[in-house]
Chemist: 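Below are the structure tokens for one structure; questions will follow.
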Amino acid sequence: FEKIYRDEDVDLSILEGKTIAVIGYGSQGRAQSMNMRESGMNIIVGAGDRTRHSSWDKAEADGFTVYPIEEAVEKADIVHILLQDPAQPSVYYESIHGHLKPGQTLSFAHGFAVLYGTIKPPKDIDVVLFVPNGPGPVTRQKFKDGSGIWGCVSVDQDVSGNARETALAISKAVGSTRVGVVDMTFQHETEGDNYEEQVLYGGTIHLMRTMYNIMVKNGYPRSFAYAKAIRSIRSIIDDIDAVGIEAYLTSRASRTCEFAVRHSGPRVINEEAMQEIFEETERGIFARNWLQEFSLGMPTLNRMRRTWADSDMEQTGEIWREKFGK
Ligand code: NDP
């Protein structure tokens, strides 16, 4: 089994006296900045023009010193890029690239831009990655509760010889080594994440939508179909996460449920399509499609958002949450 780094394996002293500039103050930016500050790190925030970007005011309200991105990069030892992914290349080439100097570390929370070459960092700096496997608000809440979110680190360029130690120290300052951090490549982090988004998130959400639509079409009450398609999944996930699939099936689910899962479940899954999506992701086809979609102003996404928002299931969901609570 691969090495799992915990607090006792990682030394924070590599970050002592260093300045970490967090660029972007959204979901991850806010959570990671606050956690690292509470771990004793010297954090500054780099934000876009405050007339167009709300990050500046948000970070200042949380007590951080905020600079224009160019200035934050110049003041930093570690430039931690937490901008939304598709915006990264333009912000990087406008405000970051020309201000980097040898000896600095460029750090990311997703490998997309580096893997696909939309950002090509200079050769004389360390390039690393630290990803907490969860949204910013959860990363923050877990840290406050004394826990953390498991994560991964990765090194793409190690000029100093200490790149991995730096990435691990960042992961510890954010709280992830309280739970566990693994080491992987930029390629696996990025493609694994994109594969998960397509298959797990995509598959689960389409499963919910299809199940709801079939039940309603066949005369079931909307509230019942909605509960079956969405609410039930909570207890399944929590139980499986706690005890594993086999123990869930044999000791927590009913025998009828166990039979249903083993007998009919495989028919719901299209393994061929899952393999195809995996190969497309590995060949960079998913990345190309997403970059193209973004550069065109997201026409497909915008169209789908309208249709989905108006759907029967969404309307039922609103009533459901009002009547049955969250
Ligand atoms: P958000 O969308 O929450 O935040 C994006 C930030 O980027 C905001 O502060 C926004 O500023 C800033 N920004 C966007 N465009 C520009 C621009 N043109 N100029 C200046 N600032 C800009 O992103 P996330 O926190 O979700 O993602 C950050 C990174 O973390 C990504 O690489 C993502 O893949 C990774 N990640 C995200 C996870 C998640 O669950 N959210 C989990 C793990 C990793 P403003 O709002 O002021 O415009």
Side-chain angles (χ1 to χ4, degrees), residues 20-36 43-62 64 66-73 79-97 99 106-116 118-119 121 127-143 148-154 156 167 170-171 174-176 179 181-182 184 186-198 200-201 281 286-287 290-291 294-295 297-298 301:
I20 303 174
V22 172
I23 312 297
Y25 199 74
S27 171
Q28 288 297 327
R30 180 167 195 268
Q32 294 198 30
S33 299
M34 292 182 118
N35 292 6
M36 288 195 284
I43 307 295
I44 58 173
V45 172
D49 172 10
R50 75 190 307 170
T51 58
R52 284 183 299 127
H53 295 280
S54 60
S55 291
W56 190 300
D57 293 334
K58 284 186 197 152
E60 223 167 51
D62 288 336
F64 289 103
V66 187
Y67 296 96
I69 294 174
E70 297 81 352
E71 217 178 313
V73 171
V79 179
H80 195 39
I81 300 190
L82 297 178
L83 298 157
Q84 66 187 48
D85 295 300
Q88 287 185 12
S90 60
V91 178
Y92 175 81
Y93 283 108
E94 264 164 41
S95 310
I96 298 175
H97 190 76
H99 301 267
L106 192 60
S107 147
F108 293 85
H110 189 30
F112 195 98
V114 171
L115 178 69
Y116 297 113
T118 56
I119 288 180
V127 179
V128 302
L129 177 81
F130 157 59
V131 190
N133 201 55
V138 183
T139 304
R140 177 69 189 139
Q141 191 55 49
K142 291 253 183 190
F143 183 88
I149 279 215
W150 75 269
C152 69
V153 291
S154 180
D156 193 60
I170 295 171
S171 77
V174 174
S176 285
V179 181
V181 168
V182 294
M184 57 169 57
F186 265 56
Q187 184 190 337
H188 277 170
E189 186 283 323
T190 307
E191 291 174 355
D193 200 49
N194 290 161
Y195 186 61
E196 175 197 25
E197 285 161 343
Q198 294 171 87
L200 192 78
Y201 290 49
T281 308
F286 173 77
W290 168 223
L291 288 170
F294 185 78
S295 70
M298 307 203 290
L301 271 192

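When a ligand or atom number is given, it counts from 1 through the structure's own listing order. No hydrogens, no waters, no symmetry mates; every other heavy atom, side chains included, goes into these values.
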Chemist: Tell me the protein heavy atom at minimum distance from atom 5 (C) of ligand 1, and give that distance in Å.
Modeler: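 Sorting protein heavy atoms by distance from atom 5 (C) of ligand 1 puts Gln84 N, 3.4 Å first.
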Chemist: May I ask you to list the atoms of ligand 1 that are less than 4.0 angstrom from any heavy atom of Gly24?
Modeler: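 Matching atoms, with element in brackets: 9 (O).
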Chemist: Which of the listed options, Gly151, Ala109, Gly48, Ala59, holds the heavy atom that is closest to atom 35 (C) of ligand 1?
Modeler: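 The residue whose heavy atom sits nearest atom 35 (C) of ligand 1 is Ala109.
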Chemist: Any atoms of ligand 1 less than 4.0 Å from a non-hydrogen atom of Gly134? List them with their elements.
Modeler: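 It comes down to these atoms of ligand 1: 40 (O), 42 (C).
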Chemist: Could you find the nearest protein heavy atom to atom 3 (O) of ligand 1 and give me its residue, atom name and distance?
Modeler: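 Checking every protein heavy atom, the shortest distance to atom 3 (O) of ligand 1 gives Ser27 N, 2.8 Å.
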Chemist: Which of the numbered atoms in ligand 1 are under 4.0 angstrom from any heavy atom belonging to Tyr25?
Modeler: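 Reading through ligand 1 atom by atom, the close ones are 9 (O).
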Chemist: Can you see whether Glu191 engages Asn194 through a side-chain donor-acceptor pair at a distance of less than 3.5 angstrom?
Modeler: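 No, no side-chain donor-acceptor pair sits under 3.5 Å.
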Chemist: Which residue owns the protein heavy atom closest to atom 17 (C) of ligand 1, what's the atom, and how far is it?
Modeler: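 Answer for atom 17 (C) of ligand 1: His53 CE1, 3.3 Å.
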Chemist: Starting from atom 43 (C) of ligand 1, locate the nearest protein heavy atom and write down its residue, its atom name and how far away it is, to 0.1 Å.
Modeler: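 For atom 43 (C) of ligand 1, the nearest protein heavy atom is Pro132 O, 3.5 Å.
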Chemist: For ligand 1, which atoms, with element, lie under 4.0 Å from some heavy atom of Ala87?
Modeler: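 Near Ala87, the atoms of ligand 1 are 15 (N).
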Chemist: With respect to atom 47 (O) of ligand 1, which of Gly111, Pro86, Ser55 exhibits the smallest heavy-atom separation?
Modeler: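 Closest candidate by heavy-atom distance is Ser55.
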Chemist: In sequence, state the C-alpha distance, the side-chain angles, and the governing distance for Trp290 and Leu301, and then conclude on side chain to side chain contact (heavy atoms under 4.5 Å, CB included).
Modeler: CA-CA 10 Å; Trp290 168 223; Leu301 271 192; 4.1 Å; yes
Chemist: Identify the closest protein heavy atom to atom 33 (C) of ligand 1: which residue and atom is it, and at what distance?
Modeler: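 Checking every protein heavy atom, the shortest distance to atom 33 (C) of ligand 1 gives Asp85 OD2, 3.4 Å.
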Chemist: If the cut-off is 4.0 Å to any non-hydrogen atom of Val91, which atoms of ligand 1 fall inside it?
Modeler: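 Reading through ligand 1 atom by atom, the close ones are 17 (C), 18 (N), 19 (N).
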Chemist: Is there side-chain contact between Met36 and Val22, with at least one heavy-atom pair below 4.5 Å?
Modeler: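 Yes, their side chains come closer than 4.5 Å.
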Chemist: Without swapping roles, check the side chain of Ser154 against the backbone of Met184 for a donor-acceptor pair under 3.5 Å.
Modeler: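 Looks like yes, one N/O pair under 3.5 Å.
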Chemist: Any heavy atom of Gly136 closer to ligand 1 than 4.0 angstrom?
Modeler: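 Heavy atoms of Gly136 never come under 4.0 Å of ligand 1.
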Chemist: May I ask you to check whether Arg52 has an N/O atom sitting below 3.5 Å from an N/O atom of ligand 1?
Modeler: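 No, Arg52 has no N/O under 3.5 Å of an N/O on ligand 1.
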Chemist: At a 4.0 Å cut-off, with the gap strictly under it, does some heavy atom of Gln88 reach an atom of ligand 1?
Modeler: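 So Gln88 counts as touching ligand 1.
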Chemist: Side chain or backbone, does Gln28 bring an N or O within less than 3.5 Å of an N or O on ligand 1?
Modeler: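 Yes; at least one N/O pair falls below 3.5 Å.
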Chemist: Which residue and atom name correspond to the protein heavy atom nearest atom 21 (N) of ligand 1, and how close is it?
Modeler: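 Sorting protein heavy atoms by distance from atom 21 (N) of ligand 1 puts Leu83 CD2, 3.5 Å first.
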Chemist: Backbone or side chain, does any N or O of Gly26 fall under 3.5 Å from an N or O of ligand 1?
Modeler: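 Min N/O separation from ligand 1 is below 3.5 Å for Gly26.
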Chemist: Check ligand 1 against Val131 and write out every atom of the ligand that is under 4.0 Å from a heavy-atom position of the residue.
Modeler: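 Within the 4.0 Å cut-off of Val131, ligand 1 contributes 43 (C), 44 (C).
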Chemist: How many angstroms lie between CD1 in Ile44 and CD in Glu71, if you round to the nearest 0.5 Å?
Modeler: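 Atom-to-atom, Ile44:CD1 and Glu71:CD are 8.5 Å apart.
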Chemist: Heavy-atom contacts with His110 under 4.0 Å: which atoms of ligand 1 show up? List them by number with element.
Modeler: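 Within the 4.0 Å cut-off of His110, ligand 1 contributes 32 (O), 34 (O).
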Chemist: Please check if the side chain of Ser55 supplies one atom and the backbone of Gly24 the other of a donor-acceptor pair under 3.5 Å.
Modeler: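 Absent.
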Chemist: Which pair of heavy atoms, one from Gln28 and one from Gly134, lies closest together, and at what distance?
Modeler: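 Smallest heavy-atom distance, with atoms named: NE2-O, 2.9 Å.
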Chemist: Could you list the atoms of ligand 1 found under 4.0 angstrom from a heavy atom of Ser54?
Modeler: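 Near Ser54, the atoms of ligand 1 are 46 (O), 47 (O).
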